[in-house]
Amino acid sequence: MKSSVTACPLDCYDACGIIYDENKLKPFKDGHTNGFLCPHMNHYEKFDRIIKPRYKGHEITMKEALLKLKELFQSELKSEILHYRGSGNFALMQEVTDHFFATLGATLTNGTLCDGAGEAGIIEGRGSNKNMPLNQIEKSDVIIFWGRNPHTTSSHILPLIKNKTIIVIDPVKTKIAQMADLHVQIKPHTDIYLALLLSRFVHINDSLNEEFVEKYASEFEEYYELTQGVRIKATLENIGVTLGDIGDILEHTIDKKVAIVCGVGIQKYRDGADVMRSIDAFAVSLGLFGKEGCGVAYLGNSKEALESPFVTQAKRVSKIDTKFDEFETVFIQGANPLAQMPDTLRVQNALEKAANVVYFGLYENETSQIADLIIPAKTFLEKDDIRTSYSHNGLMVMNKQYESDVGISEYDLVAYLCKEFNIELKPEQFYLEHFKNFGIKKINGCFEVENREEIPYQNGFDTSDSEFAFLEEFETQQSENEDEFNLITAKSHTSLNSQFHRDTYVYINSVHGYMDEESVTISSDNGSVILAVKNDNRLRADTVLIYSGTPGVNNLTSSKHSYEGKSAVFQENKVKISKK
Ligand SMILES: Nc1nc2c(c(=O)[nH]1)N[C@H]1C(S)=C(S)[C@@H](COP(=O)(O)OP(=O)(O)OC[C@H]3O[C@@H](n4cnc5c(=O)[nH]c(N)nc54)[C@H](O)[C@@H]3O)O[C@H]1N2
Ligand SMILES: Nc1nc2c(c(=O)[nH]1)N[C@H]1C(S)=C(S)[C@@H](COP(=O)(O)OP(=O)(O)OC[C@H]3O[C@@H](n4cnc5c(=O)[nH]c(N)nc54)[C@H](O)[C@@H]3O)O[C@H]1N2
Ligand code: SF4
Ligand SMILES: [Mo]
């Protein structure tokens, strides 16, 4: 019998369970999904998708499209084929394409547009990235949301945090900031100073968790010296934090069960790894690791404790400043690089020079517009898959709900190509079972990934000596020009990056005297974009906000890499605003 159970495929912390019932998407009642879905899934089947394959603007059949694909791959030097895969669908079978391209001898990508800088900081300090899962956050007394916007990006945490003390550190007065016991409206890209000062004041106040630090962080004294390099008064004034805020944070957190819940906001900078590591160090000074209801949550590694059944060893180039023009054929899957990669103008120039651009996706967007060959994908309701999450330990089986004539699944596309190119591929069911075998069934009937620690770091860190490795130096910020704004490119409530309803505004504090709907030019060293204004006093006067997915936002961003972690840095550039 067909199972009505599946899960949301989107790149989102929550990885909700879904029941497909009477042609409707309904949420799982139990577990982390808690009986509700978000706007993306509530309206999923209303979004127009690509129905027919196209070549050079003409509709063709799927058979012709596959033949064309085969011809392209036959005619190219294999190293001149690039496979660029994004995170439009987060499920595990998406990677079956890597298997084909890697075996063929094509080039794949490495690096990330997302969370890599923060993850690098975590690994440097702790020796691994083991995440504090949702059900541990539920057991805390105090939550610090540090550069995370839960109402928009991870709403299933909200039912778990009722009656807890909430502290928010965010340059924007987000919904969670409005509800919080304390909101520190910090200047963007200055979190490292706050984190250093917090560790310093924990020590000054004699509140250091001596027992923990002695055992697992014996270099704290050296770190304390580093924190003394921060001038207190001048720094606090500059970053928009008061001594009172620091006192309040400490009062709320010392000797409490504290979860520090971080998002990508803090690390969209070149030194993002150091920012994350300094926040971890504050948690270390309070002794927050290895205890129930305590810890630091970030984007965990969704593939932790899983092994890939696919061939993935390949020549790889960076996903951040990819030189598309060095390839003859670029195969783009589950991604919209022309909107979501940094430095759009560069991406556009480079993609235009590639002889053949193939787009394999669900929706029309900037990238489908310039592609030579367009292959529609199947939605998650039309194919079998399985997924994990970067915020909880669930393993969600995604059963196919119905047959459809539209599109082709990743597995079927690869099965065709593997056959044509004599590459070994196991049956689809083999791979699905492979992934499923990493799960164990819990009493409530849900699957969880086996061998993930519920409370990580109970016996110290995963560094060579089990001790936390503190930051030894940090970069001081450059001086800035008065007429420049910090740019924040946070996630929008109505889109999932560039999927669904994309925003089209620049948000700015009303002190600057712009009119709502007035067109302005926003420019950076990198490029410019014209957008309509929305006055928004949730923002600091020195900061503007353009949501991720807004057409043109990445004209402003540069394709520099983070110092550590091979990550894009979407908020490094300052911007100017002028009347159009
Ligand atoms: N609705 C929706 N949900 C999504 C997504 C989406 O596009 N839409 N995208 C998904 C993806 S791909 C990801 S990676 C996650 C990310 O989810 P989040 O981690 O929540 O990411 P952001 O919204 O980018 O940033 C979070 C917060 O960081 C703040 N921030 C920005 N700069 C700074 C700073 O310098 N310091 C501090 N302290 N805060 C700062 C922003 O104001 C914002 O409120 O969300 C996922 N979920
Ligand atoms: N300025 C700025 N830029 C950013 C960010 C930011 O915060 N600010 N965020 C960055 C982050 S965190 C991320 S993760 C990236 C995301 O960037 P991308 O990975 O490019 O993600 P999307 O924009 O969601 O585009 C995904 C595409 O996947 C396709 N798709 C969906 N489902 C399927 C499927 O089942 N199969 C196939 N084959 N295709 C499918 C859809 O057609 C969709 O257009 O963007 C990054 N870009
Ligand atoms: S909250 Fe996240 S996982 Fe849940 S339905 Fe929405 S996008 Fe999907
Ligand atoms: Mo992301």
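Every number for a ligand or one of its atoms is a count from 1 in the order of the listing. Excluded from the calculations below are hydrogen atoms, water molecules and symmetry mates; all remaining heavy atoms, backbone and side chain alike, are included.
At a 3.5 angstrom cut-off on N or O pairs, Lys187 does not count as close to ligand 1. At least one N or O atom of Gln571 sits closer than 3.5 Å to an N or O atom of ligand 1. Here's the thing with Thr153: one of its N/O atoms is less than 3.5 angstrom from an N/O atom of ligand 1. Checked by distance only, ligand 1 and Pro188 stay at 3.5 Å or farther apart across all their nitrogen or oxygen atoms. At least one N/O-N/O distance between Asp191 and ligand 1 falls below 3.5 Å. Note: no N/O pair closer than 3.5 Å links Thr174 and ligand 1 by distance alone.
The protein heavy-atom contact nearest to atom 2 (Fe) of ligand 3 is Cys12 SG, 2.3 Å. In terms of protein heavy atoms, atom 5 (S) of ligand 3 is closest to Met41 CG, 3.3 Å. At the top of the distance list for atom 29 (C) of ligand 2, counting protein heavy atoms only, stands Gly334 CA, 3.7 Å. Protein heavy atom in closest approach to atom 46 (C) of ligand 1: Asp11 O, 3.6 Å. In terms of protein heavy-atom proximity, atom 6 (Fe) of ligand 3 is closest to Cys38 SG, 2.2 Å. Closest protein heavy atom to atom 19 (O) of ligand 2: Ser87 N, 2.9 Å. Closest protein heavy atom to atom 8 (Fe) of ligand 3: Cys8 SG, 2.3 Å. Considering only non-hydrogen protein atoms, atom 9 (N) of ligand 2 sits nearest to Lys491 NZ, 2.8 Å. In this structure, the protein non-hydrogen atom closest to atom 44 (O) of ligand 1 is Asp170 OD2, 2.6 Å.
At a 4.0 Å heavy-atom cut-off, ligand 1 touches Asn149 through backbone and side chain alike. Residue Ala15 touches ligand 3 through its backbone alone, judged by heavy-atom distances below 4.0 Å. If you look at Asn554 next to ligand 2, the close heavy atoms, those under 4.0 Å, all belong to the side chain. Under 4.0 Å from ligand 2, the heavy atoms of Gln333 that appear belong solely to its side chain. Only the backbone of Ser492 comes within contact range of ligand 1, with a heavy atom under 4.0 Å; no side-chain atom does. With a 4.0 Å cut-off on non-hydrogen atoms, Asn365 touches ligand 2 through its side chain and not its backbone. Of all the heavy atoms of Phe570, the ones lying under 4.0 Å from any atom of ligand 2 belong exclusively to the side chain.
Under a 4.0 Å criterion applied to the non-hydrogen atoms of Asn497, ligand 1 contributes the atoms 6 (C), 7 (O), 9 (N), 12 (S). In summary, the atoms of ligand 3 found under 4.0 Å from a heavy atom of His156, numbered by their order in the structure, are 1 (S), 4 (Fe). For ligand 1, the atoms lying closer than 4.0 Å to a non-hydrogen atom of Val172 are 42 (O). Close contacts of ligand 1 with Trp146, meaning ligand atoms under 4.0 Å from a residue heavy atom, involve 38 (N).
Checked for salt-bridge contact, Asp98 and Arg85 meet the test: a charged N lies under 4.0 Å from a carboxylate O. By the 4.0 Å N-to-carboxylate-O rule, Lys187 lies too far from Glu237 to be salt-bridged with it. Look at Glu364 and Arg54 and you find a salt bridge, because one of the NZ, NE, NH1 or NH2 atoms lies within 4.0 Å of a carboxylate O, short of that distance.
Heavy-atom distances between Val264 and ligand 2 stay at or above 4.0 Å for every pair. Put simply, no part of Asp115 is less than 4.0 Å from ligand 1, judged by heavy atoms.
Taking the centre of each ring, Phe310 and Phe100 stay at or above the 6.0 Å mark. Here Tyr44 and Phe380 bring their ring centres to under 6.0 angstrom of each other. Taking the six-membered ring for Trp and the full ring otherwise, Phe500 and Phe47 have centroids separated by under 6.0 Å.
Figure legend: cation-pi geometry between Lys534 and Tyr507 absent, as NZ or CZ is not positioned both under 6.0 Å from the six-membered ring centre and within 45° of its axis. Tyr298 does not carry Arg148 over the face of its six-membered ring by the limits of under 6.0 Å from the centre and within 45° of the normal.
Side-chain atoms of Ser567 come within 3.5 Å of backbone N or O of Gly116 as a donor-acceptor pair.
Under the salt bridge (charged side-chain N to carboxylate O under 4.0 Å, His left out) criterion, Asp14 pairs with no residue, sequence neighbours left out.
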